[in-house]
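My structure is below; once you've seen it, I'll send some questions.
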Amino acid sequence: MTRPLRARVEVTLKPGIRDPQGQAIENAMAGLGFTGFAGVRVGKYVTFQVEGPPAEAERRVAEICERLLANPVIENYRFQLEEDASA
């Protein structure tokens, strides 16, 4: 039996896609007196366990990213799999 793997997924907007949440944070930073910051972008970070051999787990995580976690039209995603120390 294989140990579960930990999937760490990062989803971000594609370049050129407007990011109103990032813009609001950037404006708030300026309003609080923080200077020298620009291009704030906001994304999602998702972690979960996945069972199965590494190649199969990788295929399944990519599928869940494409079908659920990211909108491939406007978002990019990347993920990594690692042994889950908590399992």
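These numbers were taken from a predicted model, which means no experiment stands behind them. Residue indices begin at 1 and follow the sequence shown.
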Would you say the side chain of Cys65 lies within less than 4.5 Å of the side chain of Val9, judging by non-hydrogen atoms?
yes
For Glu56, I'd like to know if atom CD has over 12 heavy atoms of other residues, nucleotides or ligands within 6.0 Å.
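Enclosed.
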Could you tell me whether the side chain of Phe79 reaches within less than 4.5 Å of the side chain of Val46, counting heavy atoms only?
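Side chain of Val46 against side chain of Phe79, heavy atoms only: no contact under 4.5 Å found.
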Is any side-chain heavy atom of Asp84 closer than 4.5 Å to one of Leu5?
no
Would you say Asn76 and Pro15 make side-chain contact, with heavy atoms under 4.5 Å?
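A side-chain contact under 4.5 Å exists here.
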Would you list the atom pairs, donor with acceptor, under 3.5 Å between side chains in residues 30-45 and any protein atom, with sequence neighbours excluded?
| residue | atom | partner | partner atom | Å |
| --- | --- | --- | --- | --- |
| Arg41 | NH1 | Ile17 | O | 2.8 |
| Arg41 | NH2 | Lys14 | O | 3.0 |
| Arg41 | NH2 | Ile17 | O | 3.1 |
| Lys44 | NZ | Leu69 | O | 2.8 |
| Tyr45 | OH | Arg8 | NH1 | 3.2 |

Tell me the closest heavy-atom pair linking Glu51 and Pro4, and the distance in Å.
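Scanning both residues completely, I find the closest heavy atoms to be CG-CB, 4.2 Å.
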Identify whether the distance between the nearest side-chain nitrogen and carboxylate oxygen of Glu63 and Arg60 falls below 4.0 Å.
no
Interatomic spacing from CD in Gln21 to CD in Glu26 - rounded to 0.5 Å
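Atom-to-atom, Gln21:CD and Glu26:CD are 13.0 Å apart.
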Are the side chain of Glu66 and the backbone of Ala62 linked by a donor-acceptor contact shorter than 3.5 Å?
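No.
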Output the distance between atom CG (Leu13) and atom CZ (Arg18), rounded to the nearest 0.5 Å.
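Rounded to the nearest 0.5 Å, the CG-CZ separation comes out at 11.0 Å.
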How close do Ala57 and Gly52 get, heavy atom to heavy atom, and via which atoms?
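Looks like CB-O, 4.3 Å.
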Among residues at least two apart in sequence or on other chains, which ones pass side chain to side chain donor-acceptor pair (under 3.5 Å) with Gln80?
Glu82
Linking I/L/V/M/F/W/Y whenever any side-chain heavy atoms sit under 4.5 Å apart, do Val11 and Val61 land together?
yes
Give a yes or no on this: more than 12 heavy atoms of other residues, nucleotides or ligands lie within 6.0 Å of atom CD1 of Ile64.
no
Should Arg6 and Thr47 count as side-chain neighbours, where that means a heavy-atom distance under 4.5 Å?
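A side-chain contact exists here, since the closest heavy-atom pair is under 4.5 Å.
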Will you find, in the side chains of Asp19 and Gln23, an N or O donor that is under 3.5 Å from an N or O acceptor?
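Looking only at side-chain atoms, Gln23 and Asp19 do not form any donor-acceptor pair under 3.5 Å.
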